[in-house]
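Report on the structure given below.
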2 protein chains.
Amino acid sequence: MRTSRIQRRYVARRLEILRAAGREFRTRGFAETGMREIAAAADLSPANLYNYFRGKDEILFFCQDSALDRLIANLDKARRGKMGATEKLRSVITFHLHCVLDEVEGSAAHLLTNSIPHHLQKRLLAKRDRYEQGLRQMIAAGIRSAEFVATDPALVTRAILGALNSTVLWFHPQGALSADSVAENFASYLIRGLCSSRASARPARTGRSLDRPAANLRKKIASKGVQQW
Amino acid sequence: MRTSRIQRRYVARRLEILRAAGREFRTRGFAETGMREIAAAADLSPANLYNYFRGKDEILFFCQDSALDRLIANLDKARRGKMGATEKLRSVITFHLHCVLDEVEGSAAHLLTNSIPHHLQKRLLAKRDRYEQGLRQMIAAGIRSAEFVATDPALVTRAILGALNSTVLWFHPQGALSADSVAENFASYLIRGLCSSRASARPARTGRSLDRPAANLRKKIASKGVQQW
DNA sequence: ACGAAATCTGAACGGATGTTCAGTTATTGA
DNA sequence: TCAATAACTGAACATCCGTTCAGATTTCGT
């Protein structure tokens, strides 16, 4: 056989650990979750974890890395499609939510955790930037094609990602609200904000401390050095 | 005099500490920030912190508590106003962003931190629920008055709060992007999503795994037991 | 069945962290 | 000026956490 049984069992055990760790990270947070708890959740002794991962950092790294891979793969697929910007964006939003809400080992995709070593963090930030830039370009294309209203694509991208990622903070898999319905409603709302509205969304100024004209609407934003979603 | 000088100095020092702690929490995260770092940032010895706060938990608690007080006060003021739902919502969004981005000691308002003791966490969750409910009712009123399109107010509220709170993850006070322009752009985008769009925001189904009708649009959500924004 | 390799475990180590405490310095009120 | 109170500090304590390691147990190939 191509891959030996012990190899297959090894990677399966790794995946089990990642799932258990993701579950714990999600509910308790990274810093609040100890290796002993991860081990208990994965039915292992704490010491045995180190046969599968170099340490706690690496566990979180692979959680985030695999989630980002799936997100980027879906994004690229959507970008290559022939549908309009609206449908593309809808597909990305719903997939992102299902990825973050359904697949528990990927639900740690939003954790910042600057306590993870630099060389790992750099790789994650690079992937995250790539995802964010792809989404931004998708929105910018929709603006150019006049499907979307003229706004700052970078800021809208971050608003969307912030809304999507923070769902893990309140969503309960067993709750009354399904991931599907969250995805449907979020997609409708977040996309509608990009389509020109009937009524003017920017009425007469209220006059309260916001007197400076919003002239920096399309200010360029450095894509590098972005720390977080 | 009404308040003695030593009392005034005491509360002033407390505020200095809260500001310094908020600054550190914001950049490093709660678990990653030690009491020794807070003390250094506030120009105090670590031991001296305990003359002003019972411990690290209480420092975070007062950071979040004061920020929530300001947010709730502004929300109530907006709700009592006579403007339309659009202007009310705009005022709340911009104030929320300025509170979270400008006033550094309040920028910890988004931290979950389940490591803080129960009796403190309960008080914070109560205030957070009150804020969220107020915002939700504001949006629901806009829907009733036909200013906003018919959607699930609870989910839109959480999308908005998620977008707003996650700005602290990437916003840099010294960066090229001002808090004002973030507030303007976010408000425009997030409000436009509540106004009926010209083009249909929900086109023909793509057919991909989202075949279940979105019938649970107005499903009630338990307002208690909400853990996070 | 048997030696070898993989898998697993309990116990301990080193370091960091929140916190305390005895003791020192600064400030207050008269 | 002087006692009393507030403000502050360095050093240590207790605990927790990530990690390691020697050795036991299971699984594998033959």
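Below, read A as the first sequence line, B as the second, and so on, with proteins coming before strands; counting in each chain starts at 1. Note that this is a predicted model, so its numbers are computed, not measured. Atoms considered below: every heavy atom in the structure, side chains included; atoms not considered: hydrogens, waters and symmetry mates.
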Checklist entry - The side chain of B:Lys56 lies closest to which of these nucleotides: D:dC8, C:dT19, C:dT7? => result C:dT19

Next on the checklist: Under 4.0 Å from OP1 or OP2 of D:dT9: is there any side-chain N or O of B:Asn48 that close?
Outcome noted: yes

Checklist entry - For B:Tyr52 and D:dA6, what is the distance between atoms OH and P respectively, to the nearest whole Å? => result 12 Å

Checklist entry - Is the closest side-chain heavy-atom distance between B:Thr151 and A:Tyr189 below 4.5 Å? => result no

Next on the checklist: Applying a 4.0 Å non-hydrogen cut-off, can you work out what B:Arg54 is touching in the nucleic acid: base, sugar-phosphate, or nothing?
Outcome noted: nothing

Checklist entry - Whole Å only: how far is the OH atom of A:Tyr10 from the P atom of C:dA5? => result 18 Å

Checklist entry - What nucleotide, of D:dG18, C:dA6, C:dT9, holds the atom closest to the side chain of A:Ile6? => result C:dA6

Checklist outcome for this item: Considering only heavy side-chain atoms of B:Arg13, the closest of D:dC8, D:dT19, D:dT9 is D:dC8

Checklist entry - When you check the phosphate oxygens OP1 and OP2 of D:dT9, does a side-chain N or O of B:Tyr50 lie under 4.0 Å from one of them? => result no

Item to check | Rounded interatomic separation in angstrom, taking CD from B:Glu24 and P from C:dT17 | outcome: 13 Å

Next on the checklist: Distance check needed: D:dG18 C1' versus A:Phe30 CZ, whole Å only.
Outcome noted: 10 Å

Next on the checklist: Under 4.0 Å, heavy atoms only, any strand: does B:Phe53 hit a base, just the sugar-phosphate, or nothing?
Outcome noted: nothing

Checklist entry - Looking only at side chains, do B:His96 and B:Asn165 share a donor and an acceptor under 3.5 Å apart? => result yes

Next on the checklist: If I take atom CG in residue B:Leu49 and atom P in nucleotide D:dG10, what distance separates them, rounded to the nearest angstrom?
Outcome noted: 13 Å

Checklist entry - To the nearest angstrom, how far is A:Gln7 atom CD from D:dT27 atom C1'? => result 16 Å

Checklist entry - So which one's nearest nucleotide on DNA chain C is more toward 5', A:Arg36 or B:Gly55? => result A:Arg36

Checklist entry - Any idea which heavy atoms bring A:Ser181 and A:Leu177 closest together, and the distance? => result OG-CD1, 3.5 Å

Checklist entry - Mapping B:Arg9 and B:Pro46 to their closest nucleotides on DNA chain C, which lands nearer the 5' end? => result B:Pro46

Next on the checklist: If the threshold is 4.0 Å, N to carboxylate O, is there a salt bridge linking B:Glu24 and B:Arg28?
Outcome noted: yes

Item to check | Spacing between A:Leu44 atom CG and C:dG10 atom C1', to the nearest angstrom | outcome: 14 Å

Item to check | Atom pair distance, as rounded to whole Å: CG in B:Asn51 and P in C:dA22 | outcome: 14 Å

Item to check | Geometric class of the B:Tyr52/B:Tyr10 ring pair [parallel <30°, tilted 30-60°, perpendicular >60°] | outcome: parallel

